Amino acid sequence: MTEKCNWYVMYTAPRAEKKVAQRLKEKGTRVYLPIIEEIRQWSDRKKKVNRPLFNGYIFVYTSKERLWEALQINGAVKFINFSGEHAVVHQSEIDTIQRVIETGVAVEVDTDDIEKGEQVRIVGGALQDFEGECIQKSNQDYFIIRIPSINQSMLVKVPRKFLEVLKQ
């Protein structure tokens, strides 16, 4: 009997996401750690750094029976649960995160509860053909990509000229 695998959300020790992901890969486990590049400013220099998109979280593709095994990795803390059930991330959500990361657009992560936005389709730019919600924040239009399994949202600035409002 083959085990059914899903993407589960693992919470790691602070700043241990890369190490935990590497250790899991070395054990043959499929892992996804979304990394973004940003420029950090120090008093004497600027430097490009790669950091995890979601602090403290990595996505692990495994079966429910093997979750305990993954937790034996140094730096792994727990798998995220909601109402006693392990949070499962759909492949479509992973694909969306990967596509956004690959485009290199600037992404913000927000853990606040964001009001429902207007339904739009992006008609130009790196995220062309994405459909979803758009909100205004600080006089800017932001396309929202919700990741309910970790209660976070990705916000991407999109110029209004690239948005087509969809009829409800």
Side-chain angles (χ1 to χ4, degrees), residues 6-24 29-42 47-62 64 67 70-71 73-122 125-127 130-160 162-163 166:
N6 286 305
W7 285 104
Y8 293 96
V9 185
M10 178 187 279
Y11 186 69
T12 68
R15 304 173 72 94
E17 303 91 346
K18 291 178 187 175
K19 287 183 179 124
V20 172
Q22 185 58 43
R23 290 175 185 138
L24 284 167
T29 304
R30 193 167 152 203
V31 175
Y32 178 54
L33 173 59
I35 298 284
I36 57 172
E37 187 179 82
E38 65 183 15
I39 296 175
R40 289 271 169 95
Q41 173 77 50
W42 280 270
K47 184 178 178 183
K48 281 185 183 177
V49 294
N50 291 329
R51 70 167 187 83
L53 177 63
F54 303 108
N55 290 331
Y57 294 107
I58 62 173
F59 301 99
V60 180
Y61 190 75
T62 190
K64 206 170 195 170
L67 291 177
L71 283 175
I73 299 293
N74 192 17
V77 175
K78 66 180 181 178
F79 279 95
I80 304 302
N81 287 290
F82 289 117
S83 305
E85 287 294 315
H86 291 291
V88 173
V89 180
H90 300 288
Q91 184 64 49
S92 60
E93 292 175 299
I94 296 290
D95 293 342
T96 299
I97 296 167
Q98 286 176 325
R99 181 167 170 209
V100 170
I101 297 297
E102 285 167 7
T103 62
V105 296
V107 179
E108 292 178 33
V109 173
D110 198 328
T111 56
D112 295 336
D113 220 9
I114 300 173
E115 290 179 24
K116 200 139 180 68
E118 62 182 334
Q119 287 297 116
V120 297
R121 175 186 296 118
I122 299 177
L127 300 179
F130 263 81
E131 286 187 15
E133 306 172 56
C134 182
I135 60 163
Q136 275 211 330
K137 183 173 137 183
S138 308
N139 259 359
Q140 298 275 333
D141 289 306
Y142 285 89
F143 186 74
I144 306 169
I145 301 163
R146 296 182 193 269
I147 313 295
S149 50
I150 55 175
N151 200 25
Q152 298 201 23
S153 299
M154 296 167 51
L155 301 173
V156 180
K157 249 187 248 184
V158 177
R160 178 55 70 173
F162 290 146
L163 299 175
L166 301 173

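Any value given below was found using the heavy atoms of this structure, including those in side chains, with hydrogens, waters and symmetry copies removed. As the structure is a computational prediction, the values presented were derived from the model and not from experiment.
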Any side-chain heavy-atom pair from Arg99 and Ile145 closer than 4.5 angstrom?
no
Steps toward side-chain contact (heavy atoms from CB on, under 4.5 Å) verdict (Arg51, Ile36)
CA-CA 6 Å; Arg51 70 167 187 83; Ile36 57 172; 3.5 Å; yes
Could you tell me if the side chain of Ile58 sits less than 4.5 Å from the side chain of Leu24, heavy atoms only?
yes
Below 4.5 Å, heavy atoms only, C-beta onward: do Asn151 and Thr111 meet side chain to side chain?
no
Separation of Phe143 CZ from Leu127 CG (nearest 0.5 Å)
7.0 Å
May I have the step-by-step check of side-chain contact (heavy atoms from CB on, under 4.5 Å) for Asn50 and Lys18, ending in yes or no?
CA-CA 10 Å; Asn50 291 329; Lys18 291 178 187 175; 4.1 Å; yes
Output for pair (His90 NE2, Ile147 CD1), nearest 0.5 Å, gives 11.0 Å
With ring pair (Phe, Tyr, Trp, His ring centres under 6.0 Å) as the criterion, how do Tyr11 and Tyr57 come out once you've worked through the C-alpha distance, each side chain's angles and the decisive distance to 0.1 Å?
CA-CA 5 Å; Tyr11 186 69; Tyr57 294 107; 5.6 Å; yes
Look at the rings of Phe54 and Phe59 and say which category their plane angle falls in: under 30° parallel, 30 to 60° tilted, over 60° perpendicular.
perpendicular
Glu133 and Lys116, any side-chain heavy atoms less than 4.5 Å apart:
yes
Apply side-chain contact (heavy atoms from CB on, under 4.5 Å) to Phe162 and Asp141, showing your working.
CA-CA 10 Å; Phe162 290 146; Asp141 289 306; over 6 Å; no
Taking the side chain as every heavy atom from C-beta outward, state whether Arg23 and Asn74 have any atom pair closer than 4.5 Å.
yes
Spacing of Asp110 atom CG and Tyr142 atom OH [to the nearest 0.5 Å]:
10.0 Å
Residues passing the side-chain contact (heavy atoms from CB on, under 4.5 Å) test with Asn6, sequence neighbours excluded, are Lys4, Tyr8, Val88
CD of Glu17 to CE of Met10: how many Å apart, nearest 0.5 Å?
12.0 Å
Rounded to the nearest 0.5 Å, the CG atom of Leu53 sits from the CD1 atom of Ile97 at a distance of 7.0 Å
Could you check Ile114, Val107, Val109 and say which one makes a side chain to side chain contact (heavy atoms under 4.5 Å, CB included) with Leu155?
Ile114
Spacing of Arg40 atom CZ and Lys47 atom NZ [to the nearest 0.5 Å]
10.5 Å
Contact between Val100 and Val105 at the side-chain level, heavy atoms closer than 4.5 Å - yes or no?
yes
Sub-4.5 Å side-chain heavy-atom contact between Lys19 and Thr12
no
Could Glu85 and Lys64 be called an ion pair, given the rule that one side-chain N must be under 4.0 Å from one carboxylate O?
yes
Side chains of Ile101 and Tyr32: does their closest heavy-atom pair fall under 4.5 Å?
yes
Decide side-chain contact (heavy atoms from CB on, under 4.5 Å) for Phe79 and Val60; before the verdict, give the C-alpha distance in whole Å, the side-chain angles of both, and the deciding distance to 0.1 Å.
CA-CA 9 Å; Phe79 279 95; Val60 180; 4.1 Å; yes
